K.L.:
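Can you read through this structure? Questions will come right after.
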Amino acid sequence: MQKTEGKTLRYDFKEIERRWQETWEKNGLYRAVEKPDGEKFYMLVMFAYPSGDIHMGHFRNYIVGDAVARYNMMLGKDILHPFGWDAFGLPAERAAIQRKLHPQDWTYNNIKVSRETLQKVGVSFDWSREVISCSPDYYKWTQWMFIQLFRKGLAYRKSGLVNWCPEDKTVLANEQVVDGKCERCHTPVVKRELTQWYFKITEYADRLIDDLDTLPNWPDNVKTMQKEWIGRSHGAEIDFIIKDTGEKLPIFTTRPDTIYGVTFMAIAPESPLIDRLNLDGDYKKQVNEYRKKAQMRSEIDRVSATGEKDGVFTGKYAINPYNGDEIQLWVADYVLAGYGTGAVMAVPAHDSRDFLFAKKYDIPIKVVIHPDHVTALDLSTMDDAYTEYGVMVNSDQFNGLEGEEAIKEVTDFAERKGFGRHKINYKLRDWLISRQRYWGAPIPIIHCPKCGPVAVLESELPVLLPKTDNFEPKGRSPLADVPEFMRTKCPNCGGEAERDPDTMDTFVCSSWYFLRYIDPKNDCAPFDKKKVKAWMPIDLYVGGITHATGHLIYFRFFQKFLKDIGWVDDDEPATVLFNHGMVMDSKGEVMSKSKGNVVSPISLMEERGVDMSRLGMFFTAPTEREVLWSDEVIVGIEKFILNRFFPMAERFRDSKPDLKRYFNQSDFDDYEWNMYIKLNQTIKRVSEDITRLQFNTVIAALMELSRDFDSNKIKNDHLNDGLILKSIQMIAPLAPHLAEEMWLKCNQNGSVFTSHWPEYDPNAVQFDMVKIALQVNGRLRGEIEVSRDSSQEDVLAIARKHNRVKAHIEDKKIIKEIYIKNRLVNIVAK
RNA sequence: GCGAGAGUGGCGGAACUGGUAGACGCGCUGGAUUUAGGAUCCAGUCCCUCACGGGGUGGGGGUUCAAGUCCCCCCUUUCGCACCA
């Protein structure tokens, strides 16, 4: 509490915050309409994982969204600003195991605590639409989504090598493996051969890339990251032939123009093709040993061994279909099993990796590309491959062709001959969604010995997660050990059958939550199409950059799928994306529990008040930049609010000003007119800065305005009161409790948030007198004040007479005089 | 290694389409008030110089009357990707 001895005013934030939060709740200020009729604004922040504590990062995220929501509310739009919980997932389960609690109890308890904290922050969430992803009435529809995908053949089961985390004892999606380690617990990931459920996101790869171009208001870095993650590359698939077995060995290459330079072939150790080669004695032994060794090597080993390549010769040969050359067939672990066909044609002269490999094992190198028609490559002096485009040489009828054209010709040739084709490849893999864990949405599939995997009938949803205490991870799904869950009848033939024991990746739950907010209580459908049509797309989505290649791809994928099956209208879920910066401690380190440097917004808010904390966070840095948090940033804000801004309410004269009225210069004296201009300039600046989410300069502008404002010098009551009321309106999105309190103190009816955002008077945003910089040869020599829009002649005449200017142009010849209206004069003299 | 962003006072950071660099705040210095501390108010605060003036937005070049802003090279740093053939 602030001491304000001698002053009648006291800013009792605890009382004020409590009172306004109650009032807002009572009046349902943030209750969204079912269907907007006028202009709408769907403000979305990423829903939260209920870990039990709300940290500074959350706080920052939500107050940014809140400010935008409140601003748009004041612009008269219908607002949808919901919140919910990403409540399934591994950490809940682990925490629950450690604390000997059930994940459900742990999760719901955390939600309760976190919700109460958030409610204290005064964020304008419509809590009546809260969504909890682990609640059966939500995951019922997550399962429904699965079934729709399954019906379209976009959810399927396949066996393959998958990422397995030995610590968490579950499979992981590619996105959850970072540097060969489990994203969550940092345990090195191993590969296992398992049959798992996948979503065919690759089917949408092109649209996921191409539609990024329809999103001008997404940050470029996110779009670039997504493009690279999806990794589309154009090239050719060429069928080589295994010499002995005659088997076709298709390979993918982006450089078919180097086809005559192929001197060996490399196959990934995991490739099943190797088993079909009928290797002879010693070779067989060596290859098998190598394959075993490769499999033992962890992912990190293989990744960190950059540069160093090894492999083993199979003793077999393949035939290049272009020239019939016999080339050696190697097994090498620098070839990725999962990309292309798991085998590559190696062109040492024109690929750095192949070059290293060929040097190491003394494999021939053959130059088939020259940089241009006059420059030739000399193999004896090459210490790396030449990988640029160039002119084809030593390539029979293709000699002389260049770059793109060469690639096209070579591929067309293969197509005509039937041993190759144009081909597009992606780095993106199908999305592995099965998890061998308890705390997730059960996969709504029944395995029937006769009918195979059959979807649960929609009328039977949800497939309830059985309440069991037996959820400790042991390498297979805990649900498999719950017989009453597993045992069921086939929906098709009625015979004995078993449920799928796996649960879904939580990213599935978070891929459609934004649609459920629009109709959160719907029992009959995931949502009402008409309501969704009215509210979508999301007008602003605010979150951290960490989800660039995970969630933000998945939710776009879901949107597109739902569009394809007629449930939504838009191709893209969110038109504007904004990534706020991270919040670090004062030393620039990431806040984490293990480091013990976590600053909780709760204690801060209790000590300084919610609005001071909000303003402090807003003021310290622009939204997209990272913040090194220290409580000191509050100091300046506190002085500003307590000593200057809040006391403005005391200067209110209750003159019932018309806030829509514009004034003329003749209504005022000089000080008043200048204040009027300053006010309108501030309105303009603040409106623009809020639109681009730059809140630090919003506060700076308000500081300037209230610094210049001296009520004693203002005789016009309407100006005095209008300036105060508009200032309150302008700070309202950032400091809602404060604004409401001042609004009330100024005898205004209703909430400041139902008042109309001020509009600036376009005839009063420039001062009548402007300062003109005087330069000689680009150097500043003085400054004069003239009336706005003065003519070049007049200004130059004054400028030439200016003492310091004169001193610098005397004895010199004036070559050029430049006048930028209302800004500067530059006299060029020699 | 590849790609993208960033580099401005002691600190956080301003600066719209090239046009007075350092808004706003912290900190610091001096003054007023106060028994004192705190708080508040006023003034000052990029660097060198008594001043005139000069230098200055990571470094070096360039374009321009004019560059933090545009172009080229380099350094540092953050983030992403990392054998994707």
Side-chain angles (χ1 to χ4, degrees), chain A residues 2-7 178-180 219-229 231-233 235 251-255 258 266 302-309 332-336 338-341 343-347 350-354 356-357 387 425-429 545-546 548-549 581-582 586 588 616 619-622 624-630 632-637 639-640 642-643 685 688 692 694 696-704 707 771-783 804 807 815-829:
Chain A
Q2 220 51 42
K3 273 190 276 177
T4 48
E5 280 172 52
K7 284 184 185 168
V178 177
D179 291 336
D220 286 334
N221 61 341
V222 172
K223 288 193 275 189
T224 307
M225 279 162 73
Q226 293 205 352
K227 271 182 197 160
E228 282 172 5
W229 186 264
R232 178 164 60 191
S233 60
I251 53 86
F252 175 74
T253 177
T254 54
R255 292 299 301 277
T258 63
R302 278 175 75 166
V303 169
S304 63
T306 21
E308 202 45 44
K309 314 248 169 292
D333 73 357
Y334 76 90
V335 180
L336 301 174
Y339 184 78
T341 59
V344 298
M345 63 178 221
V347 187
H350 304 292
D351 181 285
S352 300
R353 296 156 300 189
D354 301 341
L356 283 173
F357 196 87
T387 58
N425 242 321
Y426 304 89
K427 283 200 246 178
L428 184 73
R429 304 294 144 76
I545 184 75
T546 44
T549 53
M582 300 234 289
S586 52
F619 188 56
T620 190
E624 72 279 3
R625 206 174 299 191
E626 88 182 11
V627 158
L628 308 189
W629 181 260
S630 123
E632 279 164 41
V633 305
I634 302 273
V635 174
I637 288 290
K639 282 196 213 166
F640 163 61
L642 297 176
N643 301 333
R685 242 176 101 182
E688 286 164 359
R692 59 189 177 120
Q694 187 160 313
N696 55 334
T697 48
V698 168
I699 296 170
L702 292 173
M703 283 173 166
E704 280 184 50
R707 176 198 64 194
K771 284 176 180 155
I772 305 275
L774 303 182
Q775 296 182 338
V776 177
N777 294 331
R779 306 207 125 123
L780 185 67
R781 297 301 173 191
E783 186 181 84
R804 288 172 61 206
I815 296 172
K816 205 169 178 183
E817 289 172 319
I818 289 137
Y819 173 57
I820 307 295
K821 201 157 84 176
N822 301 328
R823 287 203 172 264
L824 63 67
V825 162
N826 188 10
I827 298 174
V828 186

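Proteins come first, then strands; the chains are lettered A, B, ... in the order of their sequence lines, and each starts at number 1. Note that the structure is a prediction, hence the values are computed from the model and not measured.
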K.L.:
If you look at every strand shown and take non-hydrogen atoms under 4.0 Å, does A:E783 touch a base, only sugar-phosphate, or nothing?
P.N.:
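Contact class for A:E783: base.
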K.L.:
Quick check: does any side chain N or O of A:R781 sit under 3.5 Å from a backbone N or O of A:A807, one acting as donor and the other as acceptor?
P.N.:
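No.
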K.L.:
At 4.0 Å (heavy atoms only), tell me whether A:K639 reaches a base, stays on the sugar-phosphate, or touches nothing.
P.N.:
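Contact class for A:K639: sugar-phosphate only.
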K.L.:
Just the rounded figure in Å: distance from C1' of B:C16 to CZ of A:R692.
P.N.:
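Between C1' of B:C16 and CZ of A:R692: 8 Å.
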K.L.:
A:V828 near the nucleic acid: base, sugar-phosphate alone, or nothing, with a heavy-atom cut-off under 4.0 Å?
P.N.:
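Sugar-phosphate only.
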K.L.:
Kindly point out which of B:A14, B:A85, B:G12 is positioned nearest to the side chain of A:T697?
P.N.:
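Side chain of A:T697 sits closest to B:A14.
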K.L.:
Can you tell me how far P in B:A14 sits from the matching atom in B:C24, rounded to whole Å?
P.N.:
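Roughly 14 Å separates the two P atoms.
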K.L.:
Using whole Å, report how far CD of A:E626 lies from P of B:C79.
P.N.:
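Distance, rounded to whole Å: 8 Å.
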K.L.:
Within the structure, does a side-chain N or O atom of A:R779 lie under 4.0 Å from either OP1 or OP2 of B:G55?
P.N.:
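Yes, A:R779 has a side-chain N/O under 4.0 Å of OP1/OP2 on B:G55.
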K.L.:
Take the protein atom CZ of A:R625 and the nucleotide atom P of B:A6, then report the distance between them rounded to whole Å.
P.N.:
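The answer, rounded to whole Å, is 9 Å.
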K.L.:
What is the distance, rounded to the nearest whole Å, between atom OH of A:Y819 and atom C1' of B:G18?
P.N.:
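Answer to the nearest Å: 18 Å.
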K.L.:
Using whole Å, report how far CD of A:E624 lies from C1' of B:G5.
P.N.:
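Taking CD of A:E624 and C1' of B:G5, I get 11 Å after rounding.
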K.L.:
If you compare every side-chain N and O of A:R685 against the phosphate oxygens of B:A15 (OP1, OP2), does one of them come in below 4.0 Å?
P.N.:
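So the side-chain polar atoms of A:R685 never come under 4.0 Å of the phosphate oxygens OP1 or OP2 of B:A15.
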K.L.:
Within the 4.0 Å heavy-atom criterion, would you say A:R781 contacts the bases, only the backbone, or no part of the nucleic acid?
P.N.:
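Answer is sugar-phosphate: A:R781 comes under 4.0 Å of backbone atoms only.
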K.L.:
With respect to the side chain of A:Q694, which nucleotide from B:A85, B:A23, B:A14 is positioned closest?
P.N.:
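Minimum distance to the A:Q694 side chain belongs to B:A14.
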K.L.:
Measure from the side-chain heavy atoms of A:R804 and tell me the nearest of B:G53, B:C24, B:A85.
P.N.:
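The answer is B:G53, which lies nearest to the side chain.
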K.L.:
Ignoring backbone atoms, test whether A:R707 places a side-chain nitrogen or oxygen under 4.0 Å from the OP1 or OP2 oxygen of B:C24.
P.N.:
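Indeed, a polar side-chain atom of A:R707 lies that close.
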K.L.:
Rounding to an integer number of Å, can you tell me how far A:F357 CZ sits from B:C83 P?
P.N.:
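Roughly 16 Å, once rounded to whole Å.
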K.L.:
Decide yes or no for A:V344 and A:I251: does some side-chain heavy atom of the first lie under 4.5 Å from some side-chain heavy atom of the second?
P.N.:
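A side-chain contact is absent here, since even the closest heavy-atom pair is not under 4.5 Å.
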K.L.:
Give the nucleotide from the list B:A82, B:C24, B:G13 with an atom nearest to the side chain of A:W229.
P.N.:
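Comparing B:A82, B:C24, B:G13 against the side chain of A:W229, the answer is B:A82.
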K.L.:
Look at the side chain of A:R823 and decide which nucleotide, out of B:A85, B:C16, B:C24, has an atom nearest to it.
P.N.:
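Shortest atom-to-atom distance from the side chain points to B:C16.
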K.L.:
Report yes if at least one side-chain N or O of A:K227 is closer than 4.0 Å to OP1 or OP2 of B:C81; otherwise report no.
P.N.:
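No, no such contact exists.
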K.L.:
Please determine whether a side-chain nitrogen or oxygen atom of A:R255 lies at a distance below 4.0 Å from atom OP1 or OP2 of B:A85.
P.N.:
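Answer is no, no contact under 4.0 Å.
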K.L.:
In whole angstroms, how far is the P atom of B:C16 from the CG atom of A:N822?
P.N.:
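Nearest whole value for this atom pair: 18 Å.
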K.L.:
Return the CE to CD1 distance between A:M703 and A:I637, rounded to the nearest 0.5 Å.
P.N.:
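Here the interatomic distance stands at 4.0 Å.
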K.L.:
Taking the P atom of each, how far is B:A15 from B:G68, in whole Å?
P.N.:
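Between the two P atoms, the distance is 16 Å.
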K.L.:
Of A:I827 and A:L824, whose nearest nucleotide on RNA chain B comes first from the 5' end?
P.N.:
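Final value for this comparison: A:L824.
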K.L.:
For the pair made of CG in A:N643 and P in B:A39, what is the distance, rounded to whole Å?
P.N.:
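It works out to 11 Å between those atoms.
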K.L.:
Is A:D351 reaching over with its side chain to a backbone N or O of A:T387, donor-acceptor style, under 3.5 angstrom?
P.N.:
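Not a single qualifying donor-acceptor pair exists.
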K.L.:
Need the pair for B:U29. Rule: Watson-Crick or G-U wobble, both distances under 3.5 Å, any strand; none if unpaired.
P.N.:
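Base-paired to B:A43.
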K.L.:
With nearest nucleotides of RNA chain B determined for A:K771 and A:D351 from heavy-atom distances, which residue corresponds to the more 5′ nucleotide?
P.N.:
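Mapping each residue to its closest nucleotide by heavy atoms, the 5'-most match is A:K771.
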K.L.:
Using side-chain heavy atoms (C-beta onward) and a distance below 4.5 Å, is A:V633 in contact with A:F619?
P.N.:
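Heavy-atom side-chain distance check fails, nothing below 4.5 Å.
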K.L.:
Are the side chains of A:Q775 and A:I818 in touch, meaning some heavy atoms are under 4.5 Å apart?
P.N.:
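Side-chain contact under 4.5 Å: no.
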K.L.:
Based on the glycosidic angle (syn within 90° of 0, else anti), state the conformation of B:G59.
P.N.:
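This nucleotide is in anti.
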K.L.:
Does A:N696 place a side-chain N or O at less than 4.0 Å from the phosphate oxygens OP1/OP2 of B:A14?
P.N.:
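Answer yes for this pair, as a side-chain N or O of A:N696 is under 4.0 Å from OP1 or OP2.
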K.L.:
Is the phosphate of B:G3 approached by A:Q226 (side-chain N or O, under 4.0 Å from OP1 or OP2)?
P.N.:
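For B:G3, OP1/OP2 do not have a side-chain N/O of A:Q226 under 4.0 Å.
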K.L.:
Please determine if a side-chain N or O atom of A:Y334 lies less than 4.0 Å away from the OP1 or OP2 oxygen of B:A85.
P.N.:
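So the side chain of A:Y334 is outside the cut-off, no N or O lying under 4.0 Å from OP1 or OP2 of B:A85.
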K.L.:
From C-beta outward on A:T224, which listed nucleotide comes closest to its side chain: B:A85, B:G3, B:A23?
P.N.:
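Of B:A85, B:G3, B:A23, B:G3 is nearest to the side chain of A:T224.
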K.L.:
Phosphate oxygens OP1/OP2 of B:G5: is one of them under 4.0 Å from a side-chain N or O of A:N221?
P.N.:
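Indeed not, no polar side-chain atom of A:N221 lies that close.
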K.L.:
Would you say B:A85 has OP1 or OP2 under 4.0 Å from some side-chain N or O of A:S233?
P.N.:
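Answer yes for this pair, as a side-chain N or O of A:S233 is under 4.0 Å from OP1 or OP2.
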K.L.:
With a 4.5 Å cut-off on side-chain heavy atoms, are A:T620 and A:R625 touching?
P.N.:
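No, their side chains stay 4.5 Å or more apart.
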K.L.:
Can you tell me how far C1' in B:G7 sits from the matching atom in B:G60, rounded to whole Å?
P.N.:
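Pairwise C1' distance, B:G7 against B:G60, rounds to 16 Å.
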K.L.:
Hey, is the side chain of A:K427 pairing donor to acceptor with the base of B:C81 inside 3.5 Å?
P.N.:
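Check fails, no donor-acceptor contact within cut-off.
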K.L.:
What's the shortest heavy-atom distance between A:Q694 and A:N696, and which atoms?
P.N.:
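Scanning both residues completely, I find the closest heavy atoms to be CG-OD1, 3.0 Å.
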